[in-house]
Number of protein chains: 2
Amino acid sequence: MEDGTSDVPGITADTTTARAPGPEAQDCDTRSRWECDAEVWQWDAREDCEVRQILDRIADKWSLLAIALLDRRVMRFTELKREIDGISQRMLSRTLRQLERDGIVERTVHPTVPPRVDYALTEMGRSLHATTKALVVWTEAHQERIAAARSAYDEREAALREL
Amino acid sequence: MEDGTSDVPGITADTTTARAPGPEAQDCDTRSRWECDAEVWQWDAREDCEVRQILDRIADKWSLLAIALLDRRVMRFTELKREIDGISQRMLSRTLRQLERDGIVERTVHPTVPPRVDYALTEMGRSLHATTKALVVWTEAHQERIAAARSAYDEREAALREL
DNA sequence: CCGTATCCTAAAGGATACTG
DNA sequence: CAGTATCCTTTAGGATACGG
């Protein structure tokens with residue numbers, strides 16, 4: 001798959017029953033792992049943290065968009081391609097497969113000719129969308145303030161360089 | 001800055017008062033833009049959509065992590081570097097500057113020697129963290145189901161290839 | 001201590017062509 | 001229609017060295 005041989009490095013394995021970190025799996029000094037103990041709430045800053053890998057998937061260039069569209073209704077491959085401005089066939093295919101593998105999206109092939117393939121969110125997918133939607137809403141609500149912050153920052157920088 | 005001359009392509013400019021797209025800024029057929037009209041809720045699938053650019057920033061490899069750490073307390077550069085496993089000085093520096101530019105993080109230089117620099121979340125930063133936290137919590141809560149879905153998918157795939 | 005500058009590699013992703 | 005395969009460009013990001 002893909003150019004070389006790389007295909008999702010070390011994820012498929014070692015997904016035992018999760019959560020239990022084991023007694024110091026890696027090197028390094030002792031620091032917190034899943035401090036869900038109470039108020040503190042720190043998620044693992046380690047590279048091998050599974051949450052980080054899942055988040056990286058979710059937050060890639062196209063996933064959120066595909067999920068948002070599929071939350072509205074079941075869609076076919078070409079429909080999605082049309083709706084998502086700028087996506088290549090390759091990336092749509094890969095994105096959908098990842099989402100399917102993660103149990104976010106369900107793919108249904110109708111054995112007709114020409115073939116018809118439907119993509120729909122799973123229950124977990126809808127649950128995810130509810131959460132990501134909040135993030136998009138936040139971004140939308142704050143985009144003006146962010147734009148303002150950027151302008152201010154850039155102006156300050158420009159002023160400094162003019163000295 | 002950076003290798004060549006690239007520096008945040010088309011963002012610094014044209015951040016007028018935001019929101020108003022203007023009469024068909026780009027090419028392309030007419031489709032929905034900010035359908036916040038009512039229930040529909042579709043965020044712009046276009047490439048030039050500002051929300052997408054902001055989300056891409058937020059969802060990069062390190063931002064969420066830095067924000068999560070800073071939500072707990074003010075931290076110094078080297079502290080952050082120590083806490084975030086695997087980050088390079090370069091990326092920490094860049095991440096923090098982006099967040100500062102976006103108004104998420106506030107940077108305070110104490111004119112001592114050796115220099116001491118504090119990083120803290122702004123009000124907007126704390127607000128953002130409240131939202132992203134929900135996403136992390138979701139991921140955490142569903143990681144076992146995701147792992148299971150992956151295993152199932154991989155097994156199905158392996159079975160198909162064995163035919 | 002807190003960075004920036006330079007160099008370089010690896011991964012993401014687009015374009016295109018081809019298949020069931 | 002719904003993809004896969006191949007090739008190639010662009011970007012992200014690590015390593016290192018140096019500066020204030």
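For the numbers below, each heavy atom of this structure counts, side chains included, while hydrogens, waters and symmetry mates do not. Residue numbers start from 1 in every chain, and the chains themselves are labelled A, B, ... in the order their sequence lines are given, proteins ahead of strands.
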Query raised in the report: Base, backbone or nothing for each nucleotide of nucleotides 15-20 of chain C, written B, S, -, heavy atoms under 4.0 angstrom, 5' to 3'?
Result: B-B--B
Query raised in the report: What residues form a side-chain contact (heavy atoms from CB on, under 4.5 Å) with A:T78, not counting sequence neighbours?
Result: A:R82
Query - Partners passing side-chain hydrogen bond (donor to acceptor under 3.5 Å, both in side chains) against B:Q89 (at least two apart in sequence or in another chain) - result: none
Report summary line: Bend of the helix from C:dG3-D:dC18 to C:dG20-D:dC1 from end-axis comparison, five pairs per end, nearest 10°, comes to 40°
Query raised in the report: Mapping B:E79 and A:D60 to their closest nucleotides on DNA chain C, which lands nearer the 5' end?
Result: B:E79
Requested in this report: Determine: side-chain N/O of A:Y119 to OP1/OP2 of D:dG3, distance under 4.0 Å, yes or no.
Outcome: yes
Report summary line: Hits for side-chain hydrogen bond (donor to acceptor under 3.5 Å, both in side chains) against B:R126, two or more places apart or cross-chain, chain-then-number order -> B:E123
Query raised in the report: Partners of B:S88 by side-chain hydrogen bond (donor to acceptor under 3.5 Å, both in side chains), sequence neighbours excluded?
Result: none
What side-chain donor-acceptor pairs closer than 3.5 Å can you find for residues 107-118 of chain B, not counting sequence neighbours?
unit_1	atom_1	unit_2	atom_2	d
B:R107	NE	B:Y119	OH	3.3
B:H110	ND1	B:R116	O	3.3
B:T112	OG1	B:P114	O	3.0

Report summary line: Applying side-chain hydrogen bond (donor to acceptor under 3.5 Å, both in side chains) to B:S63 and not counting sequence neighbours gives B:D60
Query - Pair listing, ring-ring contact (aromatic ring centres under 6.0 Å, His included) test, anchored in residues 133-163 of chain A, at least two apart - result: A:W138-A:H142
Report summary line: Ranking D:dC1, C:dG3, C:dG13 by distance to the side chain of A:M91, first place goes to C:dG13
